[in-house]
Asker: 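Structure incoming, see below.
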Amino acid sequence: MVPKISTLSGYLHEYQKSIVHPEIFWERIAESFHWRKPWEKVLEWDFNKPEVKWFVGGKLNITENIFERHACMKGDTPAIIWEPNDPSEPHKIFTYKQLWDEVNKFANVLKSLGVKKGDRITIYLPMIPELAIAMLASARIGAIHSIVFAGFSAKALAERNNDAQSKILITADGSFRGPKTIPLKQTADEALHMSGSIEKVIVVKRTGQQVRMKEGRDLWWHELMKNAATECKAETMDAEDPLFILYTSGSTGKPKGILHTTGGYMIYAAYTFRNVFQYTDGDIYFCAADIGWITGHSYIIYGPLLEGATTLMFEGIPTYPKPDRYWQIIEKFKVNQFYTSPTAIRSLLAQGEEWADKYDMPSLKVLGTVGEPINEEAWHWYHNHVGKGRCPIVDTWWQTETGGIMISPLAGITPTKPAYATLPLPGIRPVIMDADGKPLKGNNVEGSLCIEFPWPGMARTVWGDHQRYKEVYFTAYPGKYFTGDGVKRDEDGYYRILGRIDDVINVSGHRLGTAEIENAINEHPLVAESAVVGYPHPIKGQGIYAFVVAPARPGNLDEELRNSIRQGVAKLISPIAKPDKIQFVSGLPKTRSGKIMRRILRKIVAGSSDYGDTSTLTNPGIVNEIQKGFEALKDG
Ligand code: PRX
């Protein structure tokens, strides 16, 4: 197990050590794991190139660190507790030994289909145990998994298949989500028309609905698994061999395939899990995210399983059948640590206090939040009504690119402050930059959040496009990793994340690029152009506001056109990217070089009339028109 910090002075001491001697610090943590061959050098790095390598020359397999490493002590300990969407369906428990057998079996299936080390596998599954099994089996044989959230559209799935040149797609006949049954295989079939590299499709039977199985290409999971052997030797991986790709949105262009490697990610996920949540052996830990996002990768699967923990995986939604589903699950399994998003908290808060107040939840020790800033009201509600005033809240700041939690309290150790992610974890060196690119020293400062020293869990590149990795993360502030977030350091040296400062919006904790949504809107035959900005939304944190130029639209059919634009976006990206508000405008504020001034649009939707300098606009009159239209839409 990784070393566990248990006091505030212990944290301060470890932090200090990690800054003065980072290599010795991380080496000590890496020594808790099983390496087939030890590393020759702890760290090689150059943020200008950029290039980062941890545990150079070390050889290992991450699943060996989950299964073989825990076999003796934890074989019969529950590894995964799976709770289905419908509470009347029985839950399932997989002990470490049982999960290991399933992973080995599926690893053998993949091998029998010709999958080799370095091949890419796309996993497009709902939150069912096969999702965990598939990702671990992929890691077992050295294949690279690319998990695509099951809420993404056929087009989005195809784009990801093509970019990764995946050989295998793993999906299900359908999925259950609250009262709905979703035809997942049908969406996968649509994507497969556009995904040339996929050779085989493995289909899990979940809903039992009718699906089309293409002869020679589509295979049933249960049939493949029937005779698969339960022994499969883990592939030897270099510490810097890729473990997975996970696509995420940025300011420009298509989603990027963020690449994480094996050794550094492993120790970072495990170390941060154990310390932030203060996990004690025997605890039941429940993270309510989806494995389709980084939170699920690091804190449903890898972090907890590497630490021999019991992790709860939930298929459904918090409001089904009633808005007390989370609280019911917490009582049913005596959950000790619960981790969710501020959006989930706000939406449950909006359902009324009585739902959480009915449950005592005495087992709870720690509450966590992730994915977006938490407002003080939601923080206090979570603290009082869920934690009953006795559970520390860890507000964890991190990103797909960081691999694990970066700034966060250690539960029960770091004194918390509502809406503050508080202090950096050991090994993390945040630096706040001003508009001129200078670091802001001292406290009571606000600026762009950068990290000035590498950490083991950081992404190593963008799949197939290292140049883009350099441009996006290492160019704005040379020699530093730029997060894209604004931040404040208060008088106590505590960090408060202020939100994205680039053209990324964070809707319900999901990251979406404005350019991506605009491209989807512009595909509509009646749309000439559009501009998308985020606006404050009481539940989702940020909502999506689209300004749309559609000069030839029929005058009395605005609502129909809005719906059809929304449907188009859902089809091209995902229902999560549908604009909440659509305002038709005759033009967009543009500079002489034709660039849309989103800054002005952001001000309008935030209700401010302080637009700054508009003299560089080719069409300054448009601002007034847009402002009036905004007021009318708001009141209407
Ligand atoms: O803006 C920050 C916000 O989510 C972004 C990262 O999104 P993603 O890569 O999808 O990963 C989400 C889960 C780790 C960040 O750039 N964010 C994440 N955590 C917090 C946060 N904003 C404020 N407070 C947080 N605790």
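FYI, the numbering just counts along the sequence from 1. Just follow the structure's listing: the first ligand is 1, and inside any ligand the first atom is 1. Because the structure is predicted, anything quoted here is derived from the model rather than measured.
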Asker: Would you mind telling me if ligand 1 is within reach of the side chain of Thr369, the backbone, both or neither, using heavy atoms under 4.0 Å?
Answerer: neither

Asker: What is the closest protein heavy atom to atom 13 (C) of ligand 1, and at what distance does it sit?
Answerer: Thr295 OG1, 3.5 Å

Asker: Do the side chains of Glu401 and Arg511 get close enough for a salt bridge, i.e. N-O under 4.0 angstrom?
Answerer: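 Here Glu401 pairs with Arg511 in a salt bridge, since their nearest N and O are under 4.0 Å apart.
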
Asker: Considering heavy atoms of the protein only, find what lies nearest to atom 12 (C) of ligand 1 and give residue, atom and distance to 0.1 Å.
Answerer: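 So the nearest neighbour among protein heavy atoms is Gly371 CA, 4.1 Å.
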
Asker: Taking 4.0 angstrom as the limit and counting only heavy atoms of Val370, give me the atoms of ligand 1 inside it, by number and element.
Answerer: 13 (C), 14 (C)

Asker: Can you report which non-hydrogen protein atom sits closest to atom 16 (O) of ligand 1, along with the distance?
Answerer: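 Looking only at protein heavy atoms, the one closest to atom 16 (O) of ligand 1 is Asp485 OD2, 2.6 Å.
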
Asker: Could you tell me if Lys417 sits above the aromatic ring of Tyr420, with its cationic atom closer than 6.0 Å to the ring centre and no more than 45 degrees from the axis?
Answerer: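 Output yes; distance and angle both within limits.
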
Asker: For Ala421, is the nearest heavy atom under 4.0 Å from an atom of ligand 1?
Answerer: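 No heavy atom of Ala421 comes that close to ligand 1.
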
Asker: Nearest to atom 11 (O) of ligand 1, what protein heavy atom do you find, and at what distance?
Answerer: Thr400 N, 3.7 Å

Asker: Tell me if the centroids of the rings in Phe547 and Tyr545 come within less than 6.0 Å of each other.
Answerer: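 Under 6.0 Å, so yes.
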
Asker: Would you please say whether a donor-acceptor pair under 3.5 Å links the side chains of Glu307 and Tyr279?
Answerer: no

Asker: Starting from atom 7 (O) of ligand 1, locate the nearest protein heavy atom and write down its residue, its atom name and how far away it is, to 0.1 Å.
Answerer: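 The closest heavy atom on the protein side is Arg511 CD, 3.3 Å.
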
Asker: With atoms numbered from 1 as shown, which atoms in ligand 1 lie under 4.0 angstrom from a non-hydrogen atom of Asn506?
Answerer: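 Listed by number with element: 3 (C), 4 (O).
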
Asker: Find all atoms of ligand 1 within a distance of less than 4.0 Å from any non-hydrogen atom belonging to Asp395, and give their numbers and elements.
Answerer: 24 (N), 25 (C), 26 (N)

Asker: Students often mix this up, so state it plainly: with edges at 30° and 60°, are the rings of Tyr339 and Phe277 parallel, tilted or perpendicular?
Answerer: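 Plane angle over 60°, so perpendicular.
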
Asker: Suppose we measure from atom 24 (N) of ligand 1 to each protein heavy atom; which comes out shortest, and what is that distance?
Answerer: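 Going atom by atom, the protein heavy atom closest to atom 24 (N) of ligand 1 ends up being Glu372 O, 3.3 Å.
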
Asker: Tell me which one of Trp398, Tyr299, Trp455 satisfies side chain to side chain donor-acceptor pair (under 3.5 Å) with Thr272.
Answerer: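 Checked Trp398, Tyr299, Trp455 against Thr272; only one passes side chain to side chain donor-acceptor pair (under 3.5 Å): Tyr299.
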
Asker: Is it true that the NZ or CZ of Arg429 lies under 6.0 Å from the centre of Phe453's six-membered ring and within 45 degrees of the ring axis?
Answerer: yes

Asker: Evaluate the side-chain proximity of Trp381 to Ile345: yes if any heavy-atom separation is below 4.5 Å, no if none is.
Answerer: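 Answer yes - side chains close enough.
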
Asker: Nearest to atom 6 (C) of ligand 1, what protein heavy atom do you find, and at what distance?
Answerer: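 In this structure, atom 6 (C) of ligand 1 has Trp398 O, 3.7 Å as its nearest protein heavy atom.
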
